[in-house]
Amino acid sequence: MAEQKATNVTWHAHKVQRADRYKLAGHKGAVLWFTGLSACGKSTIANEIDYRLNQLGKRSYVLDGDNIRMGLNKNLGFSADDRAENIRRIGEVSKLFADSGVIASTAFISPYRADRDKVRALLEPGQFIEIYVKATVETCEKRDPKGLYKKARAGEIKGFTGIDDPYEAPEKAELVLDADNKGIEELSNEVMAYLEANGILSV
């Protein structure tokens with residue numbers, strides 16, 4: 001839990017309630033937390049879901065790991081402490097999106113189970129949907145669009161998840177996507193089916 005450093009602050013209740021925002025949006029707010037190794041397909045699937053939701057007239061947004069590190073979290077590196085703070089901040093931001101009636105897709109490696117569980121604890125039951133994009137290191141290394149695995153193998157990148165830093169797979173993910181054997185369209189269909197079946201796409 002992050003230390004509360006600011007003093008003389010008071011939480012202000014909103015006159016407009018979450019249910020009012022959901023009603024206006026025509027669907028529930030939620031956080032689709034895509035987690036998995038680098039190059040497993042998180043961002044690609046998240047963007048496909050965002051596109052499909054937009055086509056259905058749903059309010060959605062993608063919070064992508066690299067993009068967030070270019071702005072909100074530009075002062076953070078990849079140490080364990082910085083990774084934890086990276087996830088803490090995006091957890092707080094994603095909660096705001098969900099409460100406002102937006103379906104927020106987050107695409108972060110988020111390798112540590114405890115950090116993901118802290119984000120889950122921020123949200124109401126059913127708001128946090130952990131989606132494990134499951135792919136082996138071998139599969140991800142073959143894709144490797146940024147050449148990061150090659151650099152990590154050569155010792156040019158230290159603390160790279162899956163090579164010399166651990167990835168702790170979810171133990172209670174709402175959805176596990178088999179990215180080793182299925183394509184983006186099929187995996188995206190599974191996500192959309194989950195959202196429909198669990199009442200996220202309606203009020």
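Hydrogens, waters and symmetry mates play no part in the numbers below; they use all other heavy atoms, side chains included.
A salt bridge links Lys95 to Asp99: at least one charged side-chain nitrogen sits closer than 4.0 Å to a carboxylate oxygen. Ionic pairing of Glu174 and Arg120 is present here: one or more N-O contacts between side-chain nitrogen and carboxylate oxygen are shorter than 4.0 angstrom. A salt bridge links Glu48 and Arg52; the closest N-O separation between the charged side-chain nitrogens and carboxylate oxygens is under 4.0 Å.
By the salt bridge (Lys or Arg N to Asp or Glu O under 4.0 Å) test, Lys150 pairs with no residue at all, sequence neighbours left out.
Ile109 and Ile157 fall within the same hydrophobic cluster, where Ile, Leu, Val, Met, Phe, Trp and Tyr residues are linked whenever their side-chain heavy atoms come under 4.5 Å apart, directly or through other members. If you chain together hydrophobic residues whose side chains sit under 4.5 Å apart, Met192 and Tyr51 never meet in one group. Side-chain heavy atoms closer than 4.5 Å link hydrophobic residues (I, L, V, M, F, W, Y) into clusters, and following such links, possibly through other members, connects Ile103 to Val133. Residues Tyr167 and Leu148 share a hydrophobic cluster, clusters being chains of Ile/Leu/Val/Met/Phe/Trp/Tyr side chains in contact below 4.5 Å. Ile131 and Val119 sit in two unconnected hydrophobic clusters of ILVMFWY residues. Membership requires side-chain heavy atoms under 4.5 Å apart, directly or through other members.
The two atoms that bring Asp115 and Ile87 nearest to each other are O-CG2, 3.9 Å, heavy atoms only.
A donor atom on one side chain and an acceptor atom on the other are not found under 3.5 Å apart for Arg88 and Asn73. No donor-acceptor contact under 3.5 angstrom links the side chains of Asp50 and Ser105, judged on distance only.
In this structure a side-chain-to-backbone donor-acceptor pair under 3.5 Å is missing from Asn198 to Ile200. One N or O on the side chain of Asn47 and one on the backbone of Ser43 form a donor-acceptor pair closer than 3.5 Å. Using a distance-only test at 3.5 Å, with no hydrogens or angles considered, no donor-acceptor pair links the side chain of Lys28 to the main chain of Ala98. Side-chain N or O atoms of Arg113 include one that pairs as donor or acceptor with a backbone N or O of Ala169 at under 3.5 Å. With Lys182 contributing its side chain and Leu177 its backbone, the two residues share no donor-acceptor pair below 3.5 Å.
Both the sub-6.0 Å distance and the 45° axial angle are satisfied by Arg69 relative to the ring of Phe78.
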**Asked** Leu32 and Leu195: side-chain contact (heavy atoms from CB on, under 4.5 Å), yes or no, with the steps?
**Response** CA-CA 10 Å; Leu32 313 185; Leu195 298 180; 3.6 Å; yes

**Message:** Quick one, Asp165 with Arg83, criterion side-chain contact (heavy atoms from CB on, under 4.5 Å). Give me CA distance, side-chain angles, the key distance, then yes/no.
**Reply:** CA-CA 12 Å; Asp165 210 55; Arg83 285 178 184 269; 4.0 Å; yes

**Item:** Test log, rule side-chain contact (heavy atoms from CB on, under 4.5 Å), inputs Thr106 and Val93
**Value:** CA-CA 10 Å; Thr106 73; Val93 170; over 6 Å; no

**Request:** Show the numbers, then the answer: is there a side-chain contact (heavy atoms from CB on, under 4.5 Å) between Lys146 and Asp66?
**Result:** CA-CA 12 Å; Lys146 304 173 188 175; Asp66 282 357; 2.6 Å; yes

**Request:** Evaluate the criterion salt bridge (Lys or Arg N to Asp or Glu O under 4.0 Å) for residue pair Asp144 and Arg153; output intermediate values, then yes/no.
**Result:** CA-CA 12 Å; Asp144 200 13; Arg153 294 283 188 197; over 6 Å; no

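Within 6.0 Å of atom CD in Gln55, more than 12 heavy atoms from other residues, nucleotides or ligands are found, so the atom counts as buried in its surroundings. For Glu156, the CD atom is densely surrounded, since the number of other residues' heavy atoms within 6.0 Å is greater than 12. Counting heavy atoms of neighbouring residues, nucleotides and ligands inside a 6.0 Å radius, atom NZ of Lys134 does not exceed 12 of them.
Listed by first and then second residue, the ring-ring contact (aromatic ring centres under 6.0 Å, His included) pairs involving residues 79-99 are Tyr61-Phe97 (not counting sequence neighbours).
If you look at Phe160 and Tyr149, their ring centroids are closer than 6.0 Å.
Taking 4.5 Å as the limit, every side-chain heavy atom of Phe34 sits out of range of all side-chain heavy atoms of Ser110. Counting heavy atoms from C-beta outward, Trp33 and Ile90 have side chains that approach closer than 4.5 Å.
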